[in-house]
Amino acid sequence: MLDTLHVHNFALLEDVKVDFTKGFNVFTGETGAGKSILIDALSVVLGGRASTDFVRADTDGFWVQAVFSCDGNEELNAILAEQGIEQEDSLFLKRMVSANGKSKASINGVQVPLQVLRQVGAILVDIHGQHENQLLLQEDAARMLTDKFGEQELASLLENYETDYETYTALVRKVKELQAANNDREHLLELYQHIQEEIAAAELRPGEEYELKREATLMQHGEKIAKNVNTAYNILDGESSVLSILADAKNQLAEVCEYDGRLQELFNSLESAWINIDECRSELGDYAEQIDFNEDRFNEIQNRLDLFYSLEKKYGSTIEEVIAYGEEISRKYEDLEKISETIARAEQELRMAEDKLAVTAAKLSKARKKVAKELTATITTHIRDLAMPEGRVEIAFGESENFTKYGKDVMTVLFSANKGEPLLELVKVASGGELSRLALAVKTVMLGKEKVSCMVFDEIDSGVGGVTAERMAEKIAMLSQTGQVLCITHLPQIAAFADRHIYIQKMVAKERTITKLDVLLEAGRVEELVRMAAGSNKTMAAIQTAEEMLKKARGFKNNIKENAGKPKAKK
């Protein structure tokens, strides 16, 4: 439930904070006062489009904060946990947009990506305006409504169809790929054979490239290596060499060790050093004798490395990858040689998958028709409550030529508002007012199917009035018994049913135009209903009519509450 909305420097809303109640919250006011701006601000904090056009003139930017009461929604809790946001009783959503277009979003003070704010917003609030009425006219509206209305009955069938459809489409792709390969079979076989022969001829061995590069490096720097090795050898060997000096030092200590035992340890250290260095001298001598720059060997190595480079450029970044690629090509060659048999098996699998999918689609269609009949009968009952006593809604079924993601059903909403008039496609016959009433009927039918706890109706009453408006108000009041409703309206019949009535007016303060919000009490509500119904013609009759509206609305709501949970009488 939305508890509080705080809007700062958003268009005409300089700094507005409004608290909401559970049940039915209504916004009224003169045209242009800023009612829809408030809904725009709510949409922004829920992750909607945030244009810099909303930034109040001469300010650095705007921010909107919405506070919600949380009721342990599992989907919401999962998103919060993923973002590392601590779950609390209240949820604070905030969106800040600067004049230069930079936007920041946060939940409970933790900055989050805009997409996360949208996900959370979609769970918390459903904003329904005149645009949403048009959703009923979308091509897939009938299927979406039917599947949602019958989600319990259709869930397993939809899941089975989705599984079979994925298997079917995967096999379709496989057969197409095999057929494409078969069409180019001769060329591919020739190509694969060439690749196999080229790699095989190279007689590649894992690790060979590293060894050759190491040998080439030694040969490239052989002259310097030989010079430095010989110099080191000469330093260690000869009459005045390191070994000779160490031998003299060792002999000097040997003569006096018997006089002081401590000198024996030092003598031993020199002895070990002399032995180690002598071994090093010997190995350096052997190394120097082996140094031999062989130009033919060097050229052989370079040619081999050039071959490696050529193969790696075509088939892999390392010799090991080239070897693996050759093995893969060998497998493809073998598969391509017997592709006719492979295609035959794949086509047989595809036929079996298609037959199975057809059965699943038929079961789904049969169940959908049953659900659609119940859905349209229920919608028809509600539109007849909305001043269309002869109104009818049905869903027509056709069959698509091909399987789709959702089955083979082609479903269309049919509508007739008047007795004797044929059922035609909704898009061709429904007026704006009829569409508004139909949309509200659908919302009422879907009551309990919606997971959101707050619904917003932005001028859903377009094109209606009189008794129809009163019936529409009753439907919205019924919706508000199971979830919070926010509604912008121009009709007093609807405003009379509010649990909280918020009046929005435009005024001038400090030579700037601002929008101001006031929660109306009983006297204020009567005055506003008079204005909405009679304009400036504030007569005693108008006042009495407004009071009667409020009294009648209270009676209707009390009756709903008293009958809530009571079993319906059997007809």
Side-chain angles (χ1 to χ4, degrees), residues 84 192 194-331:
Y192 292 164
H194 169 74
I195 294 172
Q196 288 182 83
E197 290 174 352
E198 185 178 15
I199 295 175
E203 296 180 347
L204 303 175
R205 179 171 57 83
E208 182 185 5
E209 184 177 21
Y210 171 76
E211 295 170 3
L212 292 179
K213 284 182 177 179
R214 181 174 174 273
E215 187 177 351
T217 299
L218 292 175
M219 296 185 77
Q220 285 174 328
H221 302 284
E223 185 177 350
K224 181 174 177 59
I225 292 171
K227 178 183 175 183
N228 287 25
V229 167
N230 284 321
T231 300
Y233 178 82
N234 291 331
I235 290 172
L236 300 180
D237 194 42
E239 293 182 2
S240 59
S241 66
V242 171
L243 282 171
S244 178
I245 294 170
L246 281 175
D248 287 344
K250 185 176 62 165
N251 292 335
Q252 292 296 322
L253 289 181
E255 294 178 2
V256 296
C257 280
E258 60 179 305
Y259 305 123
D260 188 346
R262 291 176 298 173
L263 295 174
Q264 185 63 45
E265 292 183 8
L266 298 175
F267 172 82
N268 293 340
S269 295
L270 282 175
E271 179 76 14
S272 296
W274 187 91
I275 292 170
N276 289 334
I277 293 173
D278 186 52
E279 289 177 354
C280 182
R281 176 196 61 79
S282 177
E283 290 180 12
L284 283 173
D286 294 340
Y287 188 96
E289 289 178 2
Q290 294 172 7
I291 296 175
D292 178 25
F293 178 76
N294 186 320
E295 187 173 353
D296 291 339
R297 175 58 180 165
F298 182 73
N299 290 334
E300 180 186 336
I301 291 172
Q302 289 300 323
N303 290 336
R304 186 72 171 157
L305 290 174
D306 287 344
L307 174 61
F308 289 171
Y309 175 75
S310 175
L311 292 172
E312 288 168 354
K313 190 174 182 181
K314 290 188 284 186
Y315 307 128
S317 59
T318 66
I319 287 301
E320 287 72 24
E321 288 184 10
V322 173
I323 294 171
Y325 183 73
E327 294 171 350
E328 180 185 350
I329 288 298
S330 295
R331 288 192 295 270

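When a residue number appears, it is its place in the shown sequence, counting from 1. Bear in mind that the values here come from a model prediction, so they are computed numbers and not experimental data.
Panel note: side chain T231, backbone K227; a donor-acceptor pair is recorded below 3.5 Å. Not a single donor-acceptor pair under 3.5 Å links the side chain of D278 to the backbone N or O of W274.
N251 meets the side-chain hydrogen bond (donor to acceptor under 3.5 Å, both in side chains) test with no other residue; sequence neighbours excluded. Evaluation of the side-chain hydrogen bond (donor to acceptor under 3.5 Å, both in side chains) rule for E283 yields no partner, not counting sequence neighbours. Evaluation of the side-chain hydrogen bond (donor to acceptor under 3.5 Å, both in side chains) rule for E211 yields R205 as partners, not counting sequence neighbours.
Residues L212 and I301 share a closest heavy-atom pair of O-CG2, 3.6 Å. Summarising the geometry of E258 relative to E255, their closest heavy-atom pair is OE2-O, 4.1 Å, with the distance given to 0.1 Å. Nearest heavy atom pair, residue A202 against residue L311, reads CB-CD1, 3.7 Å.
Proximity of L204 to F308: side-chain heavy atoms (C-beta onward) are separated by under 4.5 Å at one or more points. Annotation: side chain of K250 is in contact with side chain of F267 (closest heavy-atom distance under 4.5 Å). Between K314 and Y325 there is no side-chain heavy-atom pair separated by less than 4.5 Å.
How far CG of D237 is from CD1 of I277: 12.5 Å, rounded to the nearest 0.5 Å. Taken from CG in L263 to CG in L270, the straight-line distance is 10.5 Å, to the nearest 0.5 Å. A distance of 11.5 Å separates CD1 of I235 from CG of L243, quoted to the nearest 0.5 Å. Taking CG of L253 as the reference point, atom OG of S269 lies at 10.0 Å (rounded to 0.5 Å). Separating the OH atom in Y233 from the CG atom in D286 is a distance of 9.0 Å, to the nearest 0.5 Å.
Side-chain contact, Q264 with N268: a donor N or O sits under 3.5 Å from an acceptor N or O.
Using a 4.0 Å cut-off between charged side-chain N and carboxylate O, E300 and R304 make no salt bridge.
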